[in-house]
Amino acid sequence: MSKGISKSLDHLNTQIESILPKTDSHHGFVAIRDASGYTLDLDNMAHTNRLFELLPISMPIDDGQLGISTRKRVTLEVRVFYDTPQDRGYLDRMMIEDTSALINTLKGPNYDSVTTGVVSLVVGAAGVDTVLDSGGEQRALILRIPFDLLYLED
C-alpha cells in the first residue's frame, strides 16, 4: 500500500476525529481543509466547537536517517476552533481536556508505517489565539498544537 504525506495526514485526521471528548461530548472533532474539495476557513466559523485542521508550518525536509532517503520531517499544527460561550471557565476546561486528548492521540502508538507512512511525532507546546469579530470583540478561540511529523514518502 502507498505511503506518504497524504496517507499520514488522512490517518491523523481519522485518529483525531475518533476522540471522544470529556466535556461537551456531543460536539466531537470534525476535520475541515482535509483535501476533500471543501474550502472552509477555520477562522471564519461560527456557532460550533471542535472543527479542526492540520496546517503545514514548514515544508518537508530530509530527516537525515542514514540509508533511508524517503524519511521526511515536516512541521504541522493542529488548529481547533471554539466558539466563545458565556462561561469562560467551561471553555478553558474543555480546551485543557482537549489538549491532553490531542497530545495523547498524536503521540499514540497506532502508527502503522507500512500503510500510513507515520514513523513518529514530536509534539510542541500548545497555545491559544483569539478570533475577533468586526467590532473588535472576542468571538472565538483557536487552540494550536504544533508538532513535527516524521513520515515515509514513496
Side-chain angles (χ1 to χ4, degrees), residues 1-25 27-46 48-84 91-92 94-132 138-154:
M1 186 167 250
S2 69
K3 297 176 266 200
I5 192 64
S6 184
K7 286 285 189 189
S8 298
L9 293 176
D10 287 348
H11 175 72
L12 293 175
N13 276 333
T14 300
Q15 292 300 104
I16 293 170
E17 286 185 321
S18 70
I19 295 172
L20 180 60
K22 290 181 180 180
T23 301
D24 191 19
S25 61
H27 286 113
F29 291 89
V30 177
I32 66 169
R33 288 183 46 166
D34 59 355
S36 62
Y38 297 110
T39 56
L40 301 173
D41 182 8
L42 190 68
D43 294 34
N44 290 320
M45 295 288 106
T48 188
N49 286 324
R50 295 192 180 102
L51 292 179
F52 76 92
E53 65 186 355
L54 294 175
L55 187 69
I57 302 302
S58 70
M59 291 296 113
I61 61 171
D62 184 81
D63 186 48
Q65 180 74 20
L66 185 64
I68 303 178
S69 62
T70 63
R71 192 162 113 175
K72 304 293 187 269
R73 177 186 301 261
V74 65
T75 302
L76 300 163
E77 188 171 74
V78 60
R79 298 177 72 233
V80 186
F81 181 89
Y82 296 90
D83 207 24
T84 307
L91 181 62
D92 288 342
M94 185 168 38
M95 287 192 303
I96 290 168
E97 290 173 351
D98 288 355
T99 299
S100 181
L102 285 162
I103 290 170
N104 291 345
T105 298
L106 290 171
K107 297 277 299 169
N110 298 325
Y111 308 138
D112 179 1
S113 62
V114 173
T115 58
T116 68
V118 175
V119 175
S120 69
L121 277 141
V122 179
V123 179
V128 177
D129 292 333
T130 302
V131 179
L132 304 176
Q138 178 179 310
R139 67 172 189 84
L141 297 172
I142 294 183
L143 171 66
R144 296 178 293 98
I145 303 175
F147 61 94
D148 285 343
L149 170 66
L150 278 70
Y151 68 98
L152 299 173
E153 188 69 65
D154 276 359

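Basis for what follows: all heavy atoms, side chains included, without hydrogens, waters or symmetry-related copies.
With salt bridges taken as basic N to acidic carboxylate O contacts below 4.0 Å, one links Asp98 and Arg50. With respect to Arg71 and Asp62, no salt bridge is recorded, no charged nitrogen being found less than 4.0 Å from a carboxylate O. The residues Lys22 and Glu97 are annotated as not salt-bridged, no charged nitrogen and carboxylate oxygen being separated by less than 4.0 angstrom. Under a 4.0 Å N-O distance rule, the pair Arg79/Glu53 qualifies as a salt bridge.
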Practice item. Apply side-chain contact (heavy atoms from CB on, under 4.5 Å) to the pair Phe29 and Leu102, showing each step before the final yes or no. Key: CA-CA 10 Å; Phe29 291 89; Leu102 285 162; 4.1 Å; yes
Practice item. Kindly determine whether Lys72 and Leu150 satisfy side-chain contact (heavy atoms from CB on, under 4.5 Å), including the steps that lead there. Key: CA-CA 6 Å; Lys72 304 293 187 269; Leu150 278 70; over 6 Å; no
**Study point:** Working for side-chain contact (heavy atoms from CB on, under 4.5 Å), residues Arg139 and Leu132
**Key:** CA-CA 5 Å; Arg139 67 172 189 84; Leu132 304 176; over 6 Å; no
**Study point:** Stepwise side-chain contact (heavy atoms from CB on, under 4.5 Å) check, Val131 with Ile142
**Key:** CA-CA 7 Å; Val131 179; Ile142 294 183; 3.8 Å; yes
Check your understanding: Going through the checks in order, is the salt bridge (charged side-chain N to carboxylate O under 4.0 Å, His left out) test met by Glu77 and Arg144?
Key -> CA-CA 6 Å; Glu77 188 171 74; Arg144 296 178 293 98; 3.5 Å; yes
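Looking at residues two or more places apart in sequence or on another chain, you find no side-chain hydrogen bond (donor to acceptor under 3.5 Å, both in side chains) involving Ser120.
A 4.5 Å side-chain heavy-atom check between Val118 and Leu152 finds every atom pair outside the cut-off. No side-chain heavy atom of Val122 sits less than 4.5 Å from a side-chain heavy atom of Phe147.
Side-chain contact check for Gln15 and Thr105: no donor-acceptor pair (N or O, by modelled atom type) lies under 3.5 Å.
Nearest approach of Gly28 to Pro21, heavy atoms of both residues: CA-CG, 4.2 Å. When all heavy atoms of Ser8 and Gly117 are compared, the pair lying nearest together is OG-C, 3.7 Å. Shortest non-hydrogen contact noted between His27 and Asn49 is CB-O, 4.2 Å. Of all heavy-atom pairs between Ile145 and Gly124, the closest is CG2-O, 4.3 Å. The two residues Phe52 and Glu17 have their closest heavy-atom pair at CE2-CG, 3.7 Å. Nearest approach of Leu12 to Leu121, heavy atoms of both residues: CD2-CD1, 4.0 Å.
Atom OH of residue Tyr82 and atom CG of residue Leu91 lie 8.0 Å apart, to the nearest 0.5 angstrom. Distance CG/Leu149 to CD1/Ile57: 13.0 Å, rounded to 0.5 Å. Distance check, rounded to the nearest 0.5 Å: CD of Gln138 to OG1 of Thr130 gives 5.0 Å. Distance check, rounded to the nearest 0.5 Å: OG1 of Thr99 to CD1 of Ile103 gives 6.0 Å.
Side-chain atoms of Thr116 never come within 3.5 Å of backbone atoms of His11 as a donor-acceptor pair (strictly under, hydrogens ignored).
Asn13 pairs in a side chain to side chain contact (heavy atoms under 4.5 Å, CB included) with only one of the listed residues (Val78, Ile32, Leu54), which is Leu54.
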